[in-house]
Each structure stands twice: as C-alpha cells, then as structure tokens.
Amino acid sequence: MTKPAGNTNIAVFDSTLRDGAQAEGISFSVEDKIKITRALDELGVAYIEAGNPGSNPKDLEFFQRVKGINLKHAALTAFGSTRRPGVAPAEDDNIKNLVLAETPAVAIFGKSWDFHVTDIINTTLEENLAMIQDTMAYFKSLGKEVVYDAEHFFDGYKNNPEYAIATLQAAKTGGADWIVLCETNGGAFPQEVFDATALVVKEVGGKIGIHCHNDGGMAVANTIMAVEAGARQVQGTYVGFGERCGNVNLCTVIGNLQLKKRMQCLPDGKLQELTPTARYIAEVANISLNEREPFIGNSAFAHKGGMHIDGVHKNVRSFEHVDPEKIGNKRRFLMSEVAGRSTILNKIRKVNPNIRKDSEETQLVMQRLKELEHEGYQFEGAESSFELVIRKTLGKYKPFFTLDHFKIIDEQMPDGTHSSTAILKINVDGKEEVTAAEGNGPVNALDKALRKALEAFYPELKEVYLADYKVRVLDTRSATASRVRVLIESSDGRYVWSTVGVSGDIIEASWLALVDSMEYKLLKIIEEKASAYM
Ligand SMILES: CC(=O)SCCNC(=O)CCNC(=O)[C@H](O)C(C)(C)COP(=O)(O)OP(=O)(O)OC[C@H]1O[C@@H](n2cnc3c(N)ncnc32)[C@H](O)[C@@H]1OP(=O)(O)O
Ligand SMILES: CC(=O)C(=O)O
C-alpha cells in the first residue's frame with residue numbers, strides 16, 4: 001500500500017513525467033525522470049505518475065531503475081489503459097508491462113464517452129464496461145492502489161449521462177480506490193465541471209479526483225470548481241506541461257488551494273519549496289519557465305509602477321495577493337521610467353543613507369533615470385549600471401581608468417574562418433597601458449583586451465568573466481540605423497551582476513556595458529576592503 005500523504009487533505013497527483021512528456025518540445029531522459037521524481041517526492045506530492053511502461057523501453061527502464069530509490073512521500077504510479085476488447089487482463093501486453101513496473105499504485109484510463117467506445121476503440125458499450133471492471137479487479141487482486149482515470153468524462157456526461165455514470169460504477173464495482181474525472185479535451189466551463197462533479201460525489205461516492213486540460217484556458221478554474229464540489233485528488237503537471245495547451249498547472253492549483261482555501265496540498269513546511277522546485281523541473285526539462293506564471297514566476301511579485309511600489313513599501317498587502325515568501329518566491333522592485341521616488345530611494349540610500357524621498361537628489365536621480373530610459377536604457381535587468389548612474393548623479397563617482405582609444409580588426413578569411421583582434425590603450429592614474437587580444441568576435445576581443453589592460457593595475461579582475469551577453473534592437477523599423485541595447489551579465493564565480501549600454505553602434509553599446517561591469521566590480525572590491533577594516 002502507498003504511504004499516506006503526510007498531513008494533507010488534498011492528494012496531489014503529479015503527471016509531469018507522463019502527461020507532461022506528451023507535451024510538444026519535451027523529451028525526458030531516464031536520468032531526467034529520476035531527478036524529477038526525487039524533486040517531487042522531496043516536495044511531498046502524494047502520487048508521481050512517472051510513465052507508461054507499455055509505451056516505450058525508456059519508461060520500462062525508468063521503472064526498473066527507480067525501484068532502488070526509497071521515496072519518502074510519494075506513491076510511484078505507472079499509467080496505462082484498461083485491457084483491450086476481448087483480451088483477459090493477464091494476457092494484455094500493456095497490462096503485463098504495468099505489472100512489470102512493480103509500482104505501489106497504477107493509474108488506469110478507460111472510456112466514458114459512448115462515441116469513443118464505438119468509434120475510437122471500436123467495441124460495444126457493454127464490453128467497455130467489462131474492460132473497466134475487469135482491469136480494476138485484476139490490479140486490486142495484485143494488491144495495488146488503483147486510480148481510475150475516466151477519460152473524456154465531462155464530454156461523455158454531456159452526451160450520454162447514464163452511460164458515463166455507468167462507466168464510473170463499473171470502476172467502483174471493480175474496486176478502484178480513486179475515480180478521477182478527466183476533462184480530456186480541455187473545453188469545459190467551470191460551472192459544468194462543478195455540477196457534474198457534485199453529482200458524481202453524491203451518486204457514485206467514494207474518493208473522487210479531477211484531471212483537467214487547458215485548451216480553453218479554464219484548467220485552473222475547472223480544477224478548483226471540482227474541488228469545491230468535493231473532489232479530493234488533484235491531477236496535473238507541475239508547471240503545466242502537457243499535450244496540446246497543457247495540463248492544469250499544479251503550482252497555481254496548490255498556491256490557490258493551500259493559501260486561499262486553507263486546504264493542505266503539501267506536507268507542513270513544504271510550500272516554500274513551490275518556486276525552487278518549479279525552477280528545477282523547468283531546468284531539467286530544458287524549458288524556460290514562463291516568468292508571468294502565477295505564484296512561481298519571477299514576475300509574479302515584481303512591482304514596476306511607481307504608485308504600486310510606493311503602496312508596497314507602505315504595506316505589502318496593497319498590491320500583493322499573497323506573501324511571496326510563503327511559496328519560496330521573492331518580491332522585486334523594477335527600475336524604469338514608470339517608477340516613482342519610492343522605487344529608487346532604497347538604491348540611493350545605499351550610496352548616501354541620509355537622502356530622503358523629498359530630497360533634491362532623489363528628484364535628480366529620478367529625472368536622470370527617465371532620460372536614460374527614454375534614450376533606450378533599461379535598468380530592470382541592469383541594477384549595477386543603475387548604481388553607477390546614482391553615483392554619477394550624486395557626484396560620488398571617480399573613474400577607475402580613462403580610455404585613450406581602441407581599434408578592432410575583423411578578418412574574414414577565404415577558407416570561411418573569421419577572427420577579431422582588439423587593440424586598446426587606457427590610462428590609470430597617469431600610467432598608460434596598451435594591450436591587444438584576439439577573440440571569437442569583436443566584443444569578445446574587446447572584453448579580453450580591456451581586462452588584460454586593467455589586470456595590470458587591478459589583479460582582482462582576473463577572476464571576472466562574461467556570463468551572458470544579450471543584444472536588443474530598439475527600433476526595428478529603422479533596421480541597421482536603429483539603436484541597440486546591450487545587456488551584459490558578469491560573474492566572479494561568487495556573484496553575478498548586470499550592466500547595460502545603449503548606442504547606435506553595437507560595439508560602442510557593448511563597450512559601455514563592459515566598462516560599467518569592470519567599474520562596478522572595482523567599486524565592490526573597494527567596499528569589501530573598507531568593510532573589512534571597520
Ligand atoms: C488522454 C490520454 O492522455 S490517454 C494516454 C495517451 N498517451 C499516449 O498515447 C502515449 C503512449 N502511447 C503509446 O506509446 C502507444 O499509443 C501505445 C504503445 C500505448 C499503443 O501503440 P499501438 O498499439 O501502436 O496503437 P496506436 O497508438 O496506434 O493506437 C492506440 C490503440 O489503443 C487503443 N485504445 C485507446 N484507448 C484505449 C482504452 N481506453 N482501452 C483500450 N484500448 C484503448 C485504440 O483502440 C488503438 O488500438 P487499435 O490499433 O487496436 O485500434
Ligand atoms: C487520462 C488523461 O490523461 C486524460 O483523460 O486527459
């Protein structure tokens with residue numbers, strides 16, 4: 001038997017590794033599946049539907065390998081269909097593979113929609129009922145926990161309610177532990193889901209679950225309505241991956257049920273892992289997380305409008321529906337032309353703690369920020385450049401070096417190879433330094449030459465490297481004459497910082513961002529040394 005799902009009263013059933021693997025663009029390796037299984041178990045979901053052993057050798061291999069892993073919370077679940085028409089369960093190849101998986105739980109899907117029975121699996125309505133009942137009874141005889149997924153239940157119920165309910169009764173008679181109502185085509189409305197689920201809870205009884213797809217954008221609403229009607233198992237995928245438009249996003253469902261409806265979905269203390277787990281799963285799946293995703297997205301608690309930021313500084317409840325820390329996310333304040341003084345005050349105070357919201361300096365920095373954003377700068381993702389803007393505006397900036405000149409030679413060879421060389425002369429406290437460096441492109445060569453020149457004076461820069469480089473054309477209509485914004489992410493292995501440059505020339509924009517990056521790092525070195533002496 002499966003382990004209880006801790007102190008939860010909603011059983012979370014995650015199908016990232018099965019329905020999620022049916023999403024366009026997703027292909028998990030066995031290793032990926034093991035990593036995600038461990039992460040979901042650590043989070044405390046009740047069931048991990050990890051694949052379809054009758055589908056492919058990869059899933060079979062996964063189920064063999066995962067046997068050696070001791071899961072703390074979750075019941076590992078193998079997925080497959082009912083027996084085929086006219087074949088006994090013990091003789092059905094798909095069912096034999098499910099047995100080989102040796103999981104404590106199985107999820108078996110069967111047909112609820114009469115049209116699917118007659119036109120898709122080409123059998124009789126009676127045989128379909130027998131297929132469902134026999135399959136449940138077979139797995140129960142093997143001591144498994146059996147989750148019955150009533151595929152297309154809501155469409156079936158609309159078309160032929162008596163038959164749809166009869167399929168659920170067949171599953172119950174066969175001994176299913178859970179009956180899960182599937183909104184397979186994802187087109188139902190919340191009220192329809194509520195009404196049908198409430199009827200099933202009353203007339204069929206037992207433990208009822210819900211499985212929604214998002215084709216009409218209603219998956220979360222439909223899931224919540226089913227829970228309101230009495231469903232106690234919620235199936236979905238962790239960040240919403242799934243066939244077509246995806247399955248219900250479990251992060252959104254868990255966030256809503258646990259924080260708004262006070263229905264516990266994860267064991268005590270685990271809700272804070274909601275966001276880090278989403279990042280981890282997206283990383284393993286090699287899919288970039290939609291940053292606007294509720295609860296877990298990077299933008300979910302990012303405040304940009306000046307009036308909103310002012311409100312949040314006064315009381316976080318003014319523009320936040322829940323506390324981001326409860327789900328392991330964080331509040332962010334974005335620098336931009338729509339910011340007000342409250343937004344920048346915290347940043348200014350790091351440079352001069354005596355400045356107030358109504359100080360003249362605050363107004364000056366605000367004005368400079370808006371001018372620069374008008375020129376094409378964006379400080380949302382380049383807070384280190386913004387700190388330098390504040391210093392320059394407040395007269396707290398002294399350049400670490402001055403540029404005499406640089407020159408870039410780009411060579412395209414007849415054999416198709418390409419090389420870039422940068423030659424550069426800088427001046428530090430009256431001392432000149434001339435360097436040259438080669439790179440795989442002009443910016444790479446310039447970056448190397450600048451660091452080489454500066455390292456002669458500031459050896460700490462040896463550990464700095466360029467972690468990311470992004471270019472954005474600001475006015476696409478004017479094509480090559482348009483301005484470009486370059487965003488650079490630098491790192492010294494411990495910290496990451498971001499800087500920005502804007503110009504009509506991509507090399508100049510890159511140079512401006514590179515200079516900010518080096519100057520910011522040098523400033524931080526000085527600050528660290530100063531605090532060590534305090
Ligand atoms: C709503 C859902 O998400 S259900 C799960 C859907 N997931 C998947 O399909 C992914 C895994 N599937 C697979 O790897 C393959 O489809 C397999 C290995 C299971 C089957 O492959 P094949 O035998 O080549 O069949 P194919 O995929 O072409 O067709 C599906 C078969 O399943 C049968 N089938 C579909 N649903 C059911 C059901 N509930 N009960 C019994 N048989 C079913 C169909 O009738 C069809 O059989 P037929 O060829 O005799 O008409
Ligand atoms: C079972 C399933 O994945 C569905 O009906 O959508």
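Counting starts at 1 for both ligands and their atoms, in listed order.
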Sub-4.0 Å heavy-atom contact, [X] with ligand 1:
X	answer
T82	yes
R83	yes
I120	yes
E243	no

Would you check if there is a donor-acceptor pair between the side chains of [Y] and [X] at a distance under 3.5 Å?
X	Y	value
Y469	S510	yes
N159	D114	yes
Y163	N128	yes
R18	Q22	yes
S29	D32	yes
H213	D19	yes
D195	Q191	yes
K67	Q64	yes
Q264	D268	yes

For this session: Test the K33-F28 pair against the cation-pi criterion, namely NZ or CZ under 6.0 angstrom from the six-membered ring centroid and within 45° of the ring axis.
Result: no

Between [X] and [Y], is the gap from one ring center to the other below 6.0 Å?
X	Y	answer
H321	F295	yes
H211	F153	no
H152	H116	yes

For this session: State whether the shortest distance between N or O atoms of Q22 and N or O atoms of ligand 1 falls below 3.5 angstrom.
Result: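 N/O-N/O distance under 3.5 Å: yes.
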
Exercise. So, are K314 and D310 salt-bridged, with charged N and O less than 4.0 Å apart?
Worked result: yes

Does the protein come close to [atom] - that is, does one of its heavy atoms sit below 4.0 Å from that atom?
atom	answer
atom 1 (C) of ligand 1	yes
atom 27 (O) of ligand 1	no
atom 16 (O) of ligand 1	no
atom 30 (C) of ligand 1	no
atom 42 (N) of ligand 1	yes
atom 49 (O) of ligand 1	no
atom 34 (N) of ligand 1	yes
atom 7 (N) of ligand 1	yes

What does the N/O contact table under 3.5 Å look like for ligand 2?
from	atom 1	to	atom 2	distance (Å)
ligand 2	3 (O)	R18	NH2	2.9
ligand 2	3 (O)	D19	OD2	3.2
ligand 2	3 (O)	H211	NE2	3.1
ligand 2	5 (O)	T184	OG1	2.7
ligand 2	6 (O)	H211	NE2	3.1
ligand 2	6 (O)	H213	NE2	3.1

Shortest protein contact, [atom] (heavy atom only):
atom	value
atom 5 (C) of ligand 1	F79 CE2, 3.6 Å
atom 18 (C) of ligand 1	G54 O, 3.6 Å
atom 38 (C) of ligand 1	S81 CB, 3.8 Å
atom 46 (C) of ligand 1	R84 NH1, 4.4 Å

For this session: Mark yes or no for whether R485, through its side chain, and G376, through its backbone, hold a donor-acceptor pair below 3.5 Å.
Result: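 Flag set: sc R485 to bb G376 pair under 3.5 Å.
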
Residue portion contacting ligand 1 (non-hydrogen atoms closer than 4.0 Å) for [X]:
X	result
R18	side chain
F109	both
I121	both

Problem set entry | Qualifying residue, where the test is side chain to side chain contact (heavy atoms under 4.5 Å, CB included) with E49 and the options are L76, T237, D149 | D149

Exercise. Relative to the heavy atoms of N52, which atoms of ligand 1 are at a distance of less than 4.0 Å?
Worked result: 11 (C)

Problem set entry | For T184, atoms of ligand 1 separated by under 4.0 Å from a heavy atom |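 Ligand 1 atoms under the 4.0 Å threshold to T184: 1 (C).
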
Exercise. Heavy-atom count around N286 CG within 6.0 Å, excluding the residue itself: above 12?
Worked result: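 Open: at most 12 neighbouring heavy atoms sit under 6.0 Å from CG of N286.
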
For this session: Only heavy atoms count here, so choose which of P85, G51, S55 is nearest to atom 11 (C) of ligand 1.
Result: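 Among P85, G51, S55, the closest heavy atom to atom 11 (C) of ligand 1 comes from S55.
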
